[in-house]
Amino acid sequence: MNVRIPKLFLAFLALALALCACSAKEAAFQTPEEAGEAFLTEFFTANADGRYDAFSQASVIDEAAVTDYYEGLAPCVSPEALDVLVANRTLSRYDEFYAGKQVEVAEVQLEGTGDDNFDFTVSLTVDGEAEEYTGQLSAGPLDGSYAVTRFYCGGM
């Protein structure tokens, strides 16, 4: 198992870079707020489009599985920020935590704190119960569009 983890980690990083290379072509966010809202909505929609179900049931975690898993986030995040998400397994830990539950994003609020930095609040409905996450993100220009360049969420 010690050999597989480094290979898996390297595969994730390589794929993250490949995903981001085409992200600006897939979606053009005209403002940092648009990029931030799209990122937060996709991230906090647990198992969006069945991403976690497919990823967790894959017999081999290869580049195709990783590409499919991060496909929804790639258009709205910078390569560096995606590398951090992949390395820290932030998205997969979130999806795993809410596995089997119905999670919907009820509201995304961004409050600018200067220089394309934002505090955010994401209100969720989880199996009919209200939950809330708060944190910070930054969004900056990337290839003629905007993308999230930094993401932090307390309690994750």
Side-chain angles (χ1 to χ4, degrees), residues 5 8-53 55-56 66-156:
I5 292 173
L8 182 60
F9 177 73
L10 292 175
F12 278 131
L13 289 179
L15 189 58
L17 290 173
L19 284 171
C20 288
C22 63
S23 64
K25 297 174 193 136
E26 295 173 6
F29 300 105
Q30 301 301 312
T31 65
E33 293 86 356
E34 284 181 16
E37 288 178 17
F39 171 84
L40 293 169
T41 300
E42 179 68 21
F43 184 95
F44 284 101
T45 302
N47 196 29
D49 298 323
R51 69 180 174 217
Y52 186 72
D53 291 339
F55 188 70
S56 64
V66 176
T67 298
D68 290 345
Y69 188 65
Y70 286 94
E71 180 179 34
L73 286 180
C76 48
V77 67
S78 72
E80 297 81 10
L82 187 57
D83 286 347
V84 172
L85 291 172
V86 170
N88 293 336
R89 299 184 317 112
T90 310
L91 182 61
S92 61
R93 286 186 300 151
Y94 175 82
D95 279 345
E96 182 179 24
F97 182 77
Y98 285 110
K101 297 182 180 179
Q102 181 65 35
V103 180
E104 295 180 19
V105 175
E107 183 178 18
V108 174
Q109 296 177 342
L110 291 172
E111 182 179 331
T113 59
D115 296 330
D116 296 335
N117 296 310
F118 301 90
D119 290 335
F120 70 80
T121 302
V122 177
S123 301
L124 304 175
T125 303
V126 180
D127 289 339
E129 300 291 323
E131 291 190 24
E132 190 173 89
Y133 281 92
T134 60
Q136 298 86 35
L137 66 79
S138 299
L142 180 68
D143 299 329
S145 184
Y146 281 89
V148 170
T149 57
R150 185 183 60 82
F151 169 72
Y152 171 78
C153 184
M156 289 194 127

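In this structure, F29 and E37 have side chains that are not in contact, with every pair of non-hydrogen atoms separated by 4.5 Å or more. Side-chain contact between D119 and T113: present, with at least one pair of heavy atoms (C-beta onward) separated by less than 4.5 Å. A heavy-atom distance below 4.5 Å is not found between the side chains of P32 and L110.
Separating the CD atom in E129 from the NZ atom in K101 is a distance of 10.5 Å, to the nearest 0.5 Å. If you take CG on N47 and OH on Y98, they are separated by 13.5 Å, rounding to the nearest 0.5 Å. The CZ atom of F151 sits 7.5 Å away from atom CG of L137, with the distance rounded to the nearest 0.5 Å. Between D143 atom CG and S78 atom OG the span is 10.5 Å, to the nearest 0.5 Å. Here the straight-line distance linking atom CZ of R150 with atom CZ of F118 works out to 11.0 Å at 0.5 Å rounding.
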Tell me, with the steps shown, if Q109 and E107 meet side-chain hydrogen bond (donor to acceptor under 3.5 Å, both in side chains). CA-CA 7 Å; Q109 296 177 342; E107 183 178 18; 3.1 Å; yes
Trace of the side-chain contact (heavy atoms from CB on, under 4.5 Å) decision for L91 with Y52: CA-CA 9 Å; L91 182 61; Y52 186 72; over 6 Å; no
side-chain contact (heavy atoms from CB on, under 4.5 Å) evaluation trace for V103 with L124: CA-CA 7 Å; V103 180; L124 304 175; 4.2 Å; yes
Where do F43 and T90 land on the side-chain contact (heavy atoms from CB on, under 4.5 Å) test, with the steps shown first? CA-CA 10 Å; F43 184 95; T90 310; 3.7 Å; yes
Step-by-step side-chain contact (heavy atoms from CB on, under 4.5 Å) determination, D116 to T149: CA-CA 10 Å; D116 296 335; T149 57; over 6 Å; no
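Closest approach of A48 to E42, counting heavy atoms only: CB-OE2, 3.6 Å. The nearest pair of heavy atoms linking V105 to V108 is CG1-CG2, 3.7 Å. In this structure, C76 and A38 approach most closely via the heavy-atom pair SG-C, 4.1 Å. Closest heavy-atom contact between Q30 and E34: N-OE1, 3.0 Å.
Between the side chains of S138 and N117, a donor-acceptor pair is found at a separation under 3.5 Å. A side-chain donor-acceptor contact under 3.5 Å links D95 and Y69.
Using cut-offs of 30° and 60° on the angle between ring planes, the pair F44 and Y94 is perpendicular.
By the 6.0 Å contact criterion, CG on D53 is enclosed, its count of non-hydrogen atoms from other residues, nucleotides or ligands being greater than 12.
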